[in-house]
Amino acid sequence: MLATLAVAHYRSLHELVVPLAQLNVVTGANGSGKSSLYRALRLLAETAQEGVVPALVREGGLDSTLWAGPEAISDRMRRGEVPIEDGPRRKPVSLKLGFAGDDFGYAIDLGLPTPSQSLFARDPEIKREAIWSGPFLRQGNLLVDRRGPLVRVREGEGWRVAGEHLGAYETLFAQLADPHNAPEVLQLRETIRGWRFYDHFRADADAPARLPQLGTRTPVLSHDGHDLAAAWATIREIGDGAALDAAVADAFPGARVAVVVEGGRLSLEFRQHGLLRPLSAAELSDGTLRYLLWIAALLTPRPPPLMVLNEPETSLHPDLLPALARLIGLASRRTQVWVVSHASRLIAALEEIPDCNPIGLVKQDSQTRIDGQGMLNAPVWHWPER
Ligand SMILES: Nc1ncnc2c1ncn2[C@@H]1O[C@H](COP(=O)(O)OP(=O)(O)OP(=O)(O)O)[C@@H](O)[C@H]1O
Ligand SMILES: [Mg+2]
């Protein structure tokens, strides 16, 4: 389980350390930093897939993603007595992302490129990475240490050089994840690769989830939901079929959903009281289809280490939100869940679930902060030094 997420100098997240629980609900006003936090988590996930530099470049590179405020803000700037200005820089420009879980922690520090004639001379560079054991980095618990192209792995009392030629665009997961050379790197990479993100399922008239599809056993619903019928049938076969029926009945009393095969293609049939024939996925309302997609995603027979749901309330009627909260609560017994939401009814229902961790974001001096977090109750966190 992830216990802490830390971000520095990414958009409005100037310095943020977030304590996490089994079920986490991120809320806040428009512009408070919810999407930025979600994107920071996605960027961290990209480190294990070799996509973190391309993803940052797609977002506009460091020019756009780096914290646009001053390195430090004085009390006089805060009170408006002097203009907000950047003094002489004391530390190098750096965008940092990290997390710590039950066993290991990881942090990555990206910075400005070294000047060159390359066509990619503006790409951010990975300057530093660290893997440690325990809840935060401290003297003596560093396991894997990357500085520029050089990677060292702790071995007994000393260090062994495990790589000397890492590209500035490559994370240590690219070259080091093998079971003999660096087992902790492999373990961490596989955990991060398991994180699952669901972000706005399509439910428009041409949405892939509305069409009959060729299907194979599908324990994990895809991001666009095209394999909804196959995922549904898989839950029925190897997962919790009773929970599937209960989730449908909870949201749509009296309704039943079945999967049928026609010409080798799978499709859903939605039976409801008062109709002579079942409705196909093509005939369902946007909200009903989205809800079925959430059921299939959340009742997966292969729960991931972390499931992230971005604004799952989209196009759902407020009356459906308590049922969605119950479904999310059920999923959170098997997997760590992170929900970003705007919907007050969903938030209120989630907050009633025992162990729910509400993360309320607020903006102060243009920086995102956690509501109610002070020096004393923020989790301990130390970034690796450059
Ligand atoms: N480079 C940057 N430096 C500082 N602040 C930034 C930077 N880029 C964007 N911001 C600001 O960060 C804030 C957080 O934006 P974000 O999209 O995360 O908000 P949100 O909570 O998702 O809001 P909404 O509910 O409207 O979607 C915005 O006010 C935006 O103007
Ligand atoms: Mg947003």
Side-chain angles (χ1 to χ4, degrees), residues 1-2 4-5 7 10-13 16-45 99 195-203 221 223-225 247 250-252 285-300 303-363 368-373:
M1 192 179 104
L2 256 65
T4 311
L5 173 73
V7 187
Y10 174 69
R11 299 187 181 278
S12 59
L13 315 179
L16 199 69
V17 183
V18 190
L20 298 174
Q22 187 66 16
L23 171 59
N24 305 280
V25 184
V26 179
T27 60
N30 291 129
S32 59
K34 301 178 297 297
S35 298
S36 303
L37 194 56
Y38 171 81
R39 280 152 89 170
L41 193 57
R42 282 208 86 135
L43 281 175
L44 258 179
F99 68 89
W195 297 354
R196 221 172 275 166
F197 294 82
Y198 286 107
D199 197 352
H200 299 294
F201 285 120
R202 270 182 61 190
L221 181 73
H223 298 284
D224 65 0
D250 191 17
F252 311 105
S285 77
D286 294 1
T288 307
L289 182 66
R290 277 231 173 82
Y291 199 89
L292 298 184
L293 284 156
W294 284 120
I295 294 177
L298 288 161
L299 295 182
T300 169
L306 174 69
M307 198 181 275
V308 186
L309 319 177
N310 196 21
E311 299 180 2
E313 66 267 18
T314 306
S315 87
L316 299 184
H317 189 273
D319 288 349
L320 265 181
L321 298 180
L324 180 63
R326 287 189 283 276
L327 191 58
I328 294 172
L330 188 63
S332 75
R333 291 191 206 153
R334 305 186 303 149
T335 179
Q336 191 172 16
V337 180
W338 170 291
V339 186
V340 184
S341 178
H342 271 296
S344 50
R345 265 187 94 173
L346 179 63
I347 297 164
L350 286 170
E351 285 180 354
E352 277 176 23
I353 296 171
D355 300 330
C356 173
N357 174 33
I359 304 169
L361 300 182
V362 288
K363 270 266 268 300
T368 297
R369 294 183 189 275
I370 297 178
D371 201 12
Q373 189 184 66

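Start at 1 with the first residue, then count along the sequence. What you are looking at is a predicted structure, and each value in this text was computed from that prediction instead of being measured.
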Exercise: identify the closest heavy-atom pair between Gly287 and Leu316: O-CD2, 3.3 Å

Tell me every residue that passes side-chain contact (heavy atoms from CB on, under 4.5 Å) with Pro304, counting only those two or more places apart in sequence or in another chain. Arg196, Thr300, Met307, Thr335

Distance check, rounded to the nearest 0.5 Å: Asn310 atom CG versus His200 atom NE2? 5.0 Å

So, using ring-ring contact (aromatic ring centres under 6.0 Å, His included) as the criterion, who are the partners of Tyr291 when residues are at least two apart? Phe252

In terms of the angle between their ring planes, are His223 and Tyr198 parallel, tilted or perpendicular, with boundaries placed at 30° and 60°? tilted

Does Thr288 have any side chain to side chain donor-acceptor pair (under 3.5 Å) partners at least two apart in sequence or in another chain, and if so, which? Ser285

Test of understanding: with salt bridge (charged side-chain N to carboxylate O under 4.0 Å, His left out), list the residues that count as partners of Asp319, not counting sequence neighbours. Arg345

Shortest non-hydrogen separation from Leu346 to Ser341 and the atoms involved: CD2-OG, 3.7 Å

Provide the closest heavy-atom pair for Leu2 versus Leu20 in the form atom of the first, atom of the second, distance. O-CB, 3.5 Å

Do you know the tightest heavy-atom contact between Glu313 and Leu321? CB-CD2, 3.9 Å

Among residues at least two apart in sequence or on other chains, which ones pass side-chain contact (heavy atoms from CB on, under 4.5 Å) with Pro358? Glu351

Sequence-distant partners of Asp286, side chain to side chain donor-acceptor pair (under 3.5 Å), two or more places apart: Arg210

Closest non-hydrogen atom pair, Ser12 against Gly33: OG-CA, 4.1 Å

Residue set satisfying salt bridge (charged side-chain N to carboxylate O under 4.0 Å, His left out) with Arg11, at least two apart, ordered chain then number -> Glu59

Ignoring hydrogens and geometry, is there a side-chain-to-backbone donor-acceptor pair from Arg290 to Phe201 under 3.5 Å? yes

Partners passing side-chain contact (heavy atoms from CB on, under 4.5 Å) against Ala40 (at least two apart in sequence or in another chain): Val7, Tyr10, Leu13, Leu97

Would the distance check show the side chain of Gln336 and the main-chain N or O of Ala21 forming a donor-acceptor pair, the cut-off being under 3.5 Å? yes

Does the pair Val337 and Gln22 meet the rule for a side-chain contact (heavy atoms from CB on, under 4.5 Å), with working shown? CA-CA 6 Å; Val337 180; Gln22 187 66 16; over 6 Å; no

Check whether any side-chain heavy atom of Ile328 sits under 4.5 Å from a side-chain heavy atom of Ile353, and report yes or no. no

Applying side chain to side chain donor-acceptor pair (under 3.5 Å), which residue pairs with at least one partner in residues 26-41 are found, sequence neighbours left out? Tyr38-Arg42, Tyr38-Asp199

side-chain contact (heavy atoms from CB on, under 4.5 Å) with Leu330: which residues, sequence neighbours excluded? Ala243, Leu299, Arg333

With a 4.5 Å heavy-atom cut-off, do Ile370 and Leu361 have their side chains touching? yes

Could you give the distance from CZ (Arg202) to CG (Leu289), rounded to the nearest 0.5 Å? 11.0 Å

Is there a side-chain contact between Phe99 and Leu41, using heavy atoms and a 4.5 Å cut-off? no

Does some side-chain heavy atom of Leu37 sit less than 4.5 Å from a side-chain heavy atom of Leu5? yes

Short question: side chain of Trp294, backbone of Pro312 - any donor-acceptor pair under 3.5 Å? yes

List in chain and number order the residues that pass ring-ring contact (aromatic ring centres under 6.0 Å, His included) with Trp338, two or more places apart in sequence or in another chain; answer none if no residue qualifies. none

State whether the side chain of Asn357 and the backbone N or O of Pro19 hold a donor-acceptor pair below 3.5 Å, judged by distance alone. yes

ring-ring contact (aromatic ring centres under 6.0 Å, His included) partners of His342, counting only residues at least two apart: none

